[in-house]
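Here the structure is laid out as structure tokens; the discussion comes afterwards.
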Amino acid sequence: MGRSAIARFGLATLVAPALLLPPVAAAQPPEGQLTFRSGVDVIEIDVNVIDRDGRPITDLAASDFRVRIDGEDRRVMQAQYVSLRSVAQPAGAAVPRSRNVLYTSNAAQQRGRLIVLAVDEENILTGEGRHLMRAAAEFVDALSPADQVALIAIPQPGIYIDFTTDHDRVRRETALMAGLGEPARRALNIGLHEAFRIAVYGDRDLEDEVIDRVCDESPACAFQVRNESMQIVQEAKFHSTNARRGIESILRALRDVEGPKHVVWVSGGLVIDQNAALLREIEDLAAASRTTLFVMMVDEPLTDVSQPLPAPSPRQDRYMRERGLSAAAAVARGELFRVTANPRRIFERLEAQISGYYLLGVEVGPEDRDEDRRRIRVSVERDRARVRARREVRFIEEPEEERSVDERLLAMLRSPVATTELPLRVATYAFPDPDDGLVRVSVAAEVGSDANYVEDVTLGFALRDPDGRVVLTGRRRVSATLAERPGSIGYEYTLPITVPRGRYSLRVAAIDGFGRRGSVDHLLLAGQASDTPLAFGPLQVADQRPSLDNLLEVVEPEVSSGRVIASLEVYAESSWAFERTSVHVDVAGDESGPARAYATAALLGTDDTPWRSAAADLSVGHLPPGQYVARVRVMRDADEVARMHRPFRITVARQAP
């Protein structure tokens with residue numbers, strides 16, 4: 001992969017084959033994954049249970065559920081309610097120290113909900129969706145910071161925002177959408193319901209009624225009624241096909257992404273007439289992707305004052321537009337919401353319904369796996385409880401090992417969620433290049449652990465700009481650097497990249513020789529602009545070594561000798577900028593804590609080079625083992641022009657001789 005690789009990841013399958021691909025389940029059972037005793041053949045089924053007001057019921061036990069597969073009862077061995085809401089931090093809780101902002105671990109990344117807003121602009125009359133979209137924008141604004149939202153206009157091209165936690169950006173774009181559809185201008189006043197009865201079902205009695213109502217004495221009028229009815233039918237089918245294929249593309253893109261997803265489809269209607277088989281693909285894709293489809297119907301007014309004559313069959317027309325949306329929501333385990341005067345209440349109900357689900361462990365027999373899919377019915381023994389479950393359960397899945405390393409690597413890079421099977425930590429070191437204005441970045445990755453180390457690892461990365469566009473991708477098969485540590489052995493990998501100055505989101509993915517996978521997202525600040533004539537390389541921290549040339553870019557340096565070396569490079573266009581500049585280094589328990597060790601670093605270099613190196617050797621033998629930060633302040637006279645820090649760990653502290 002390179003600069004010309006895929007320009008968009010994720011839901012870009014509206015215009016390309018499936019791009020959102022699956023991360024794997026964690027090696028240790030993650031939240032929401034059931035465990036069972038050995039020797040029991042089970043299948044996991046996720047269901048939603050709500051009361052008559054649409055609120056989730058969260059206190060059910062396995063004994064409350066009844067599951068039938070092809071009409072036969074199956075024992076529910078376990079029922080676990082999985083909350084999808086992020087855990088709120090208690091009031092007054094201590095704010096976590098931020099030493100780890102310079103490195104990121106996939107073990108610490110919180111997963112929120114995955115929500116897609118799909119706006120069927122073509123089937124919403126211009127301006128009719130304004131109040132609904134404002135409420136949708138408020139809904140996005142109120143989501144948890146960990147929730148990821150995508151915004152897609154149907155059909156494409158149109159507004160497209162891939163999964164992001166930048167809710168403010170999604171909110172702004174959502175509030176601007178209000179529909180692009182135009183009312184059909186017809187020579188004859190024929191309703192949608194009438195057109196289908198005449199052109200599709202050959203209802204001659206109704207055709208005669210319409211002819212009597214709209215025709216004059218012209219003998220060609222009867223032909224015109226049939227012709228215009230056919231045009232109405234063709235247009236309705238065209239718009240509905242566009243909408244249906246757009247939703248199918250989204251579901252297909254979500255198909256292999258781990259965990260539950262929610263699509264909120266905003267539309268003015270879906271005409272499928274009596275052909276419910278058209279929704280079979282939506283049902284299959286929603287089940288395969290574990291996606292629930294909620295539909296917000298923007299209703300057209302029964303009376304259109306812009307038309308010279310009132311619509312002849314407004315209620316039947318509305319029913320036809322609504323019927324397809326209602327059926328689509330039903331097959332995808334969702335609900336149709338008819339937008340009224342207060343859409344905010346609808347979104348409040350929606351937020352409650354996507355707040356969690358039940359994961360059932362259902363016992364199955366060997367004969368159940370003889371077929372690809374079987375019919376399933378889930379019910380709950382509680383008054384006024386409604387269960388939303390898939391209508392079928394599938395037993396045959398594509399073997400993961402059949403996918404190539406590149407396919408699995410690309411899957412993790414495109415997925416909106418991190419993969420945690422293989423432990424992965426990432427740090428970055430950015431070195432500005434004064435000659436060409438680019439920034440050389442060394443990506444340090446710590447993959448696996450002593451227990452599951454394998455030397456060769458395939459690493460991949462995808463770099464996104466602040467607007468979510470992928471600007472650089474790459475892959476490399478690398479070998480580990482051995483790092484001896486007290487009581488353990490560490491294995492680290494480095495991956496060099498070169499980027500323009502800026503702020504990026506870096507996704508790093510890794511696959512080891514056993515096929516175990518991990519991915520992590522990391523904030524990359526590449527050569528941020530400075531208002532001084534100086535520029536700075538990254539702060540590097542290492543255990544005491546014979547030569548500064550042995551300083552390595554590692555995720556979290558470890559110190560065991562009792563002395564720590566802190567070093568950085570300072571760049572300038574001319575040597576005069578280094579005058580009156582000093583570098584002060586200390587060691588503290590965190591970024592804002594008191595200094596526990598201190599030194600001043602001399603700027604070393606010659607007048608014919610545009611850079612200086614600053615290094616300090618600090619004694620830390622008096623400090624107990626634990627996590628610390630090395631801090632640097634760069635001063636010009638009495639003014640502080642730069643401050644930076646780097647976390648490190650003291651593993652075995654002994655007094656230096």
Side-chain angles (χ1 to χ4, degrees), residues 1-3 5 9 99-109 405-406 409-410 412-415 418-420 422-433 438-449 453-466 469-483 490-512 516-528 536-542 550-558 567-569 644-648:
M1 295 184 290
R3 289 182 183 271
F9 288 154
R99 63 158 60 92
N100 289 351
V101 295
L102 293 180
Y103 70 80
T104 313
S105 168
N106 60 355
Q109 293 191 332
V405 170
D406 282 349
L409 191 69
L410 191 57
M412 290 187 288
L413 295 177
R414 291 168 171 170
S415 173
T419 307
T420 58
L422 186 65
L424 177 61
R425 297 200 302 171
V426 165
T428 51
Y429 294 78
F431 301 87
D433 191 332
L438 297 176
V439 179
R440 294 177 294 107
V441 178
S442 180
V443 180
E446 186 178 282
V447 183
S449 64
Y453 162 72
V454 66
E455 183 176 354
D456 291 330
V457 168
T458 302
L459 290 176
F461 71 89
L463 203 64
R464 296 175 184 262
D465 65 15
R469 293 186 294 265
V470 175
V471 297
L472 187 65
T473 61
R475 76 179 291 277
R476 179 170 298 179
R477 188 175 180 86
V478 297
S479 296
T481 298
L482 178 64
Y491 300 93
E492 292 165 337
Y493 309 78
T494 57
L495 185 69
I497 60 176
T498 301
V499 296
R501 188 187 304 269
R503 180 187 180 98
Y504 302 93
S505 174
L506 174 67
R507 166 65 68 91
V508 177
I511 301 178
D512 70 11
R516 295 170 301 204
R517 293 170 289 175
S519 64
V520 67
D521 293 311
H522 180 78
L523 175 64
L524 171 60
L525 302 177
Q528 296 299 289
F536 307 95
L539 173 61
Q540 295 174 276
V541 177
N550 289 330
L551 285 175
L552 298 175
E553 292 86 38
V554 298
V555 174
E556 186 181 23
E558 294 191 359
S567 174
L568 78 155
E569 295 179 348
M644 60 193 72
H645 71 281
R646 175 73 62 179
F648 71 97

* Applying side-chain contact (heavy atoms from CB on, under 4.5 Å), run through V443 and F461 and close with a yes or a no. => CA-CA 10 Å; V443 180; F461 71 89; over 6 Å; no
Can any side-chain N or O of [X] pair as donor or acceptor with the backbone N or O of [Y] at less than 3.5 Å?
X	Y	result
N106	L424	yes
Y429	V554	yes
R464	R507	no
R646	L539	yes
S567	Q540	no

Quick check for you: to the nearest 0.5 Å, what is the distance between [X] atom [atom1] and [Y] atom [atom2]?
X	Y	atom1	atom2	result
T104	R425	OG1	CZ	10.5 Å
R516	T420	CZ	OG1	13.5 Å
T458	D406	OG1	CG	8.0 Å
T428	H522	OG1	NE2	3.0 Å
L568	F431	CG	CZ	10.0 Å
I497	L524	CD1	CG	6.0 Å

* Does D512 reach the side chain of L422, with side-chain heavy atoms less than 4.5 Å apart? -> yes
* 4.5 Å side-chain heavy-atom contact, V499 and Y504 -> yes
* Shortest non-hydrogen contact from V439 toward R501 -> CG2-CA, 4.1 Å
* Asked: Do you know the tightest heavy-atom contact between S519 and T419?
  -> OG-N, 2.7 Å
